[in-house]
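Let me begin by presenting the structure, written as structure tokens, before commenting on it.
Keep in mind it's a predicted model, so treat the numbers as computed, not measured. So that the names make sense, note that chain A is the first sequence line, chain B the second, and so on, each numbered from 1.
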2 protein chains.
Amino acid sequence: MPVAPLFRPIDVAPAYQKVADAIEREIVNGRIKPGDPIGTEHDLVRQFGVNRSTIREGIRVLEEGGLIRRDSSRRLHACLPRYSKLASRLSRALVLHEVTFRELYEASMTLEVASIEGAVERATEQNIAELTNNLARSEAVVGNPAMLAECDAEFHVLVAKASQNRVLQLAREPAAQLFYPTTEMIVTGVAEGGPRLVAAHRHLIDAIRRRDREAGVLWTRRHLQDWRRGFEKIASLDRSVEHMYMEHAQATRRR
Amino acid sequence: MPVAPLFRPIDVAPAYQKVADAIEREIVNGRIKPGDPIGTEHDLVRQFGVNRSTIREGIRVLEEGGLIRRDSSRRLHACLPRYSKLASRLSRALVLHEVTFRELYEASMTLEVASIEGAVERATEQNIAELTNNLARSEAVVGNPAMLAECDAEFHVLVAKASQNRVLQLAREPAAQLFYPTTEMIVTGVAEGGPRLVAAHRHLIDAIRRRDREAGVLWTRRHLQDWRRGFEKIASLDRSVEHMYMEHAQATRRR
DNA sequence: GCTCTAGCTTTGTCGGACAAAGGGAACAGA
DNA sequence: TCTGTTCCCTTTGTCCGACAAAGCTAGAGC
């Protein structure tokens, strides 16, 4: 006959983990708001009653999770996790899982089409202005593959933003980050790549402005199909997706 | 007149970050394969020539990123980041960004419909067997909201898995993790909730088995609409989404 | 009132230390 | 020979104390 449980399971976790959990709890439940300063390491030592080394290990956990950051003066404060940083973890995971081109392409098709549908429905004047501004910059750098690729990535982030759906925005980011480095290669390797890319963006903005869902979906599909054809042309190059990812990851970390 | 650049920017980063970067690089480019042991902390101290405290801070960064883990004996080894762990970071971020119900619902509709479409097209016998097994377990616990909610979450993970698209699998996970804790509340609060949920699962498996895309999409929509109606019924309860998330996060961390 | 410097604070890193837990090898018994 | 036990070594988690470099602050000097 089993006895009634008298005790709860003891929470056995390393001290640094408990420190991280405690601070996370305060941030997630809102007692510490984004932007609020966390104390200095010494403060935390006093509050938690553990050694500074232990505190520092806990801080690393939270920092990597994007919950806290150090500002210019290296003081700690809570912050809203940035999508692009979190997404880069996922992109890394996708590379490690060796996802196929089909998986990436199919998922992106779904996510980008959903983004444009949202954008067509809910884009604000502000959103459209940002997209238009992006288009102008793209036209100016159409001969520079690296800068054009960067503009393209930003364009699609702006479309997702215009959808007014942050869940979607976040869901599309990991796949988009894997797209980005290949765009440069495609624009470099395919003669008509640059102009076609800019033209597609123009049509997409136009569709959003006219609230023309059909056109938005159509041009998103074409845009992605262009990207696929370009990718298939250069797929025989010697650089692997892993290498592309590594370069991208290092570049973003430096920011 | 600007001089030609003689020097590259010096990479100024804390030592612990360099340690983490160096190990990450070896894992991502494949020189260290998932499962391979990383040395002991003392080994790393010798290899990198820094203090053990510094090594340990670097290890925390990688551990949080899911790139390395400690096995039962606490030895370090590389590993494939697990989707559910990474996704919980994103779920946390979504909570902090205070996403609305509309955003969550709309994105999930897109992602779950895409999952079922993939599953209908590509599910293997193995996938169908797993789904059938899940259904049987769901039927057995239809009166237990907590366990039924867990089965439901697993069911949709299995559908995504059956789509044979890991990018999609990963993209849907953050939103799904926010769904999960509410499912229990809905099944508890709505009388017909449990049976309707199980019935929907049965129809979904059937659609996958018959490769009937229309039916799959239809029942996914109905299933999600049921969830929404349930949510709207209980939305006046006193527990906020943040609380639901916190409880869920703690439960998963203990695993 | 403004600037500049000296001093205090904080971070990043180091060296060493110790208890607890795990793994492994030697040893005893079947 | 195989199995089970015990003791020792290793490894981890944590602590203590220390110091240089960089930031911040307050007071001196104008």
Side-chain angles (χ1 to χ4, degrees), chain A residues 7 9-24 26-27 32 35-79 85 250 253-255, chain B residues 9-27 32 35-79 85 250 253-255:
Chain A
F7 305 107
I10 298 174
D11 190 7
V12 49
Y16 69 85
Q17 188 68 55
K18 289 187 182 172
V19 168
D21 285 353
I23 298 176
E24 171 184 346
E26 295 305 291
I27 294 176
I32 300 178
D36 286 357
I38 316 291
T40 66
E41 294 179 0
H42 189 57
D43 289 338
L44 297 174
V45 166
R46 269 189 308 241
Q47 292 182 54
F48 286 103
V50 298
N51 192 270
R52 194 160 75 99
S53 304
T54 306
I55 293 289
R56 283 175 64 84
E57 287 187 43
I59 286 174
R60 293 296 155 247
V61 171
L62 295 169
E63 233 173 10
E64 180 67 8
L67 278 182
I68 67 178
R69 288 169 74 181
R70 314 197 94 109
D71 61 19
S72 61
S73 71
R74 286 191 256 186
R75 272 207 217 320
L76 291 169
H77 57 88
C79 68
K85 167 167 182 166
Q250 283 170 18
R253 212 194 324 279
R254 272 200 285 275
R255 268 178 220 153
Chain B
I10 298 174
D11 190 8
V12 48
Y16 70 85
Q17 187 67 55
K18 288 187 182 172
V19 167
D21 285 353
I23 298 176
E24 172 184 344
R25 206 164 20 245
E26 296 304 292
I27 294 175
I32 300 177
D36 287 357
I38 316 290
T40 66
E41 294 178 0
H42 188 55
D43 288 339
L44 296 175
V45 165
R46 269 189 307 239
Q47 292 182 53
F48 285 102
V50 298
N51 193 272
R52 193 159 77 98
S53 305
T54 306
I55 293 288
R56 283 175 64 82
E57 287 188 44
I59 286 174
R60 291 299 155 245
V61 171
L62 295 170
E63 232 172 10
E64 180 67 7
L67 278 182
I68 68 179
R69 287 170 74 181
R70 315 197 92 110
D71 60 20
S72 61
S73 70
R74 286 190 271 192
R75 272 199 197 11
L76 290 169
H77 56 85
C79 69
K85 168 170 181 167
Q250 283 169 18
R253 214 194 322 279
R254 272 199 285 273
R255 272 178 213 152

B/Arg52 versus B/Val45, closest heavy-atom pair with distance: CA-CG2, 3.6 Å
In numerical order, the residues of residues 36-44 of chain A whose heavy atoms come under 4.0 Å of DNA chain C are A/Thr40, A/Glu41
Over the length of the helix from C/dG1-D/dC30 to C/dA30-D/dT1, how much do the five-pair end axes diverge, rounded to 10 degrees? 0°
Every protein N/O within reach of nucleotides 20-24 of chain D N/O, cut-off under 3.5 Å:
residue	atom	partner	partner atom	Å
D/dC24	OP1	A/Ser73	OG	3.3

In whole angstroms, the gap separating C1' of C/dG12 from CZ of A/Arg70 amounts to 9 Å
Listed partners of B/Pro37 passing side chain to side chain contact (heavy atoms under 4.5 Å, CB included), at least two apart: none
Distance-minimising heavy-atom pair for B/Cys79 and B/Gly66: SG-O, 3.4 Å
If I compare all heavy atoms of B/Ile27 with all of B/Ala78, which pair ends up nearest, and what's the gap? CD1-CB, 3.9 Å
Hey, what do you get for CG (B/Leu67) to CD1 (B/Ile32), rounding to the nearest 0.5 Å? 10.0 Å
Starting at NE2 of A/His77 and ending at C1' of C/dT10, how long is that distance when rounded to a whole Å? 15 Å
Partners passing side chain to side chain donor-acceptor pair (under 3.5 Å) against A/Arg56 (at least two apart in sequence or in another chain): A/Glu41, B/Glu57
Could you work out, with salt bridge (Lys or Arg N to Asp or Glu O under 4.0 Å) as the rule, every residue matching B/Glu64, not counting sequence neighbours? B/Arg89
Might you point out which heavy atoms bring B/His77 and B/Arg70 nearest each other, and give the distance in Å? NE2-C, 4.3 Å
Among residues at least two apart in sequence or on other chains, which ones pass side chain to side chain donor-acceptor pair (under 3.5 Å) with A/Gln47? none
Are any of the side-chain nitrogens in A/Arg46 or A/Asp43 under 4.0 Å away from the carboxylate oxygens of its partner? yes
Round to the nearest Å and state the distance from A/Lys18 atom NZ to D/dG13 atom C1'. 12 Å
Nearest heavy-atom approach of A/Leu76 to A/Gly39 is CD1-O, 4.1 Å
With sequence neighbours left out, the residues meeting salt bridge (Lys or Arg N to Asp or Glu O under 4.0 Å) with B/Asp71 are none
For B/Asn51, enumerate each residue passing the side chain to side chain donor-acceptor pair (under 3.5 Å) test, keeping only those at least two apart in sequence or located in another chain. B/Ser53
Can you sort out which residues in residues 47-68 of chain B have a heavy atom within less than 4.0 Å of DNA chain D? Ascending by number, please. B/Arg52, B/Arg56, B/Arg60
